[in-house]
Amino acid sequence: MPISIRPLTQFIGGEVSGLDITRPLTPEEVATLEHGMDQHAVLVFHDQHLTDEQQKAFSLNFGPLEHTAGGNVTKAAERRLDAYMADVSNLGADHKPLARDDRRRMFNLGNRLWHSDSSFRAVPAKYSLLSGRIVVDRGGRTEFADMRAAYDALDDATKAEIEDLVCEHSLLYSRGTLGFTDLTEDERRMFTPVRQRLVRTHPVTGRKSLYLSSHIGTIIGWPMPEARAFIRDLSEHAVQDRFVYRHAWRQFDLVMWDNRTTMHRVTRFDETQVRDMRRTTVAGDGMTVAQQEAA
Ligand code: OGA
Ligand code: MN
């Protein structure tokens, strides 16, 4: 059966059928998916009963995997999954939901804020691939906003104003927004802010997009409150209904998204229920600030 992709909204999201991603893909199949990603920015696959090894193998079709170190406050000995699998569940190593006041849980609540994965890393992520191993039936949706459509809809004066702006991103900022500031000296050092351009150009399509994320704490050269107020305005613009696809999970869905052109967040759910979500991340290939200098 050939691969087909059905658009899910006007701008963002495509539902893939006719492909079993638990087995190795042909180069043509990989090219079809890359092209689908360039068009839709988010692709949804149903009924993919993946093991962690199969999820990593599928992800490697799109580039090297990002290591999870530096992106969380979970100690190596407490990990449930290996170091190339981001544990996006609400579970501890014993597979039980974390206590309400567990600091790992409080830290992970940052995923409730709109963000782009690894925008806090000097070289931020290309794709994320999230597999729903055990899903909840109320809440716990993942929402995606199209930062290309959001950019296109800005007026010309705003586009000109933001063209060369550079922001500082850090997990300190996104967690600080939620009032989670209980961090060790080592964690603070690990979360040292990095710089990212506010406007990115997609390497294949050439389309521009807003590179927004709750990890942003300021704009270089701006007073912080003015920067934050402006970033908030841009973010409110960017997550209007018409730019958003809201994914209601079925067990064994895999959703992949392009972090260069989208933001996402998870919605609230009953955290006494098990929600076992596992993410692989395809590494990006350069710093956004270097990209534009070279252009
Ligand atoms: C992620 C993430 C949201 C979710 O995997 O990067 O933000 O639905 N997940 O758990
Ligand atoms: Mn995320």
Side-chain angles (χ1 to χ4, degrees), residues 12-13 41-45 50 52 55-56 58-59 62 65-74 79-81 83-91 97-98 104-121 124-147 169-171 173-175 177-178 180 191 196 211-216 235 238-239 244-271 273-284:
I12 182 174
V42 177
L43 291 179
V44 173
F45 305 75
L50 292 159
D52 290 355
Q55 183 173 341
K56 284 187 279 189
F58 175 65
S59 306
F62 308 103
L65 300 185
E66 193 181 88
H67 196 278
T68 55
N72 54 71
V73 294
T74 305
R79 287 192 64 87
R80 198 173 64 102
L81 309 176
Y84 287 93
M85 302 288 306
D87 194 349
V88 192
S89 75
N90 60 337
L91 308 174
L98 296 168
R104 291 167 289 173
R105 170 174 183 266
M106 292 194 286
F107 185 86
N108 293 342
L109 282 170
N111 283 338
R112 294 262 296 276
L113 306 179
W114 287 104
H115 65 280
S116 175
D117 287 336
S118 296
S119 75
F120 55 82
R121 298 186 192 276
K126 179 186 177 190
Y127 295 163
S128 289
L129 300 93
L130 188 61
S131 165
R133 306 295 175 83
I134 301 175
V135 303
V136 291
D137 48 19
R138 285 189 54 224
R141 293 185 175 209
T142 311
E143 304 185 327
F144 299 91
D146 188 337
M147 297 296 105
H169 294 234
S170 169
L171 284 161
Y173 296 133
S174 49
R175 273 52 190 175
T177 296
L178 292 182
F180 184 82
F191 302 151
Q196 308 288 2
Y211 193 37
L212 291 170
S213 189
S214 59
H215 305 309
I216 295 178
S235 301
V239 301
V244 173
Y245 166 65
R246 300 177 208 280
H247 185 69
W249 288 89
R250 292 195 235 152
Q251 191 176 27
F252 305 129
D253 281 350
L254 179 120
V255 179
M256 67 189 280
W257 60 90
D258 190 335
N259 287 296
R260 301 168 300 186
T261 55
T262 60
M263 280 204 290
H264 62 281
R265 68 171 178 183
V266 61
T267 66
R268 190 159 179 259
F269 64 99
D270 174 1
E271 292 216 37
Q273 311 268 305
V274 172
R275 183 172 186 267
D276 187 351
M277 312 295 285
R278 303 184 186 198
R279 191 185 88 210
T280 37
T281 313
V282 176

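Note that ligands are numbered from 1 as they come in the structure, with each ligand's atoms numbered from 1 the same way.
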What distance do Asn259 atom CG and Thr281 atom OG1 have between them, rounded to the nearest 0.5 Å?
7.5 Å
Between Trp249 and ligand 1, is there a nitrogen or oxygen pair with a distance under 3.5 Å?
no
Between Asn90 and Arg105 (side chain of the first, backbone of the second, donor and acceptor by atom type, cut-off under 3.5 Å), is there such a pair?
no
Is the backbone of Ser116 close enough, under 3.5 Å, to the side chain of Ser213 for a donor and an acceptor to pair up by distance?
yes
Between OG of Ser89 and CG of Leu98, what distance do you get to the nearest 0.5 Å?
7.0 Å
Do the rings of Phe144 and Tyr245 sit parallel, tilted or perpendicular, given the 30° and 60° boundaries?
parallel
Please determine if Asp117 has a nitrogen or oxygen closer than 3.5 Å to a nitrogen or oxygen of ligand 1.
yes
Contact between ligand 1 and Phe269 is defined here as a heavy atom of the residue under 4.0 Å from a ligand atom; is it met?
no
Atom indices of ligand 1, in the order listed, that fall short of 4.0 Å to a heavy atom of His264:
1 (C), 2 (C), 6 (O), 7 (O)
Residues in ring pair (Phe, Tyr, Trp, His ring centres under 6.0 Å) with Phe58, at least two apart?
Phe45, Phe62
Give a yes or no on whether a salt bridge exists between Arg278 and Asp52, defined as a side-chain N under 4.0 angstrom from a carboxylate O.
yes
Separation of Tyr211 OH from Gln196 CD (nearest 0.5 Å)
4.5 Å
Atoms of ligand 1 under 4.0 Å from any heavy atom of Leu130, numbered from 1 in the order shown, are 4 (C), 5 (O), 8 (O), 9 (N)
For Arg275 and ligand 1, answer yes if some heavy atom of the residue is under 4.0 Å from a ligand atom, otherwise no.
yes
Quick check: are there more than 12 heavy atoms from other residues, nucleotides or ligands sitting under 6.0 Å from CZ of Arg141?
no
Enumerate the atoms of ligand 1 whose separation from the nearest heavy atom of His115 is less than 4.0 angstrom.
7 (O)
Proximity to ligand 1 by part of Arg265, non-hydrogen separation under 4.0 Å:
neither
At under 4.0 Å between heavy atoms, what of Trp257 touches ligand 1? The answer is side chain
Any side-chain heavy-atom pair from Ile134 and Arg275 closer than 4.5 angstrom?
no
Looking at atom 9 (N) of ligand 1, what's its closest protein heavy atom, distance included?
Val88 CG1, 3.4 Å
Nearest protein heavy atom with distance in Å, relative to atom 6 (O) of ligand 1:
Arg279 NH1, 2.7 Å
Of all protein heavy atoms, the one nearest atom 3 (C) of ligand 1 is Val266 CB, 3.7 Å
Arg246 CZ: over 12 foreign heavy atoms closer than 6.0 Å
yes
Aromatic ring pairing His247/Trp249, orientation class (parallel under 30°, perpendicular over 60°, tilted between):
perpendicular
Below 3.5 angstrom, do we get any N/O pair linking Thr142 and ligand 1?
yes
Sorted by chain and number, protein N/O/S atoms nearer to the Mn ion (ligand 2) than 2.8 Å are His115 NE2, Asp117 OD1, His264 NE2
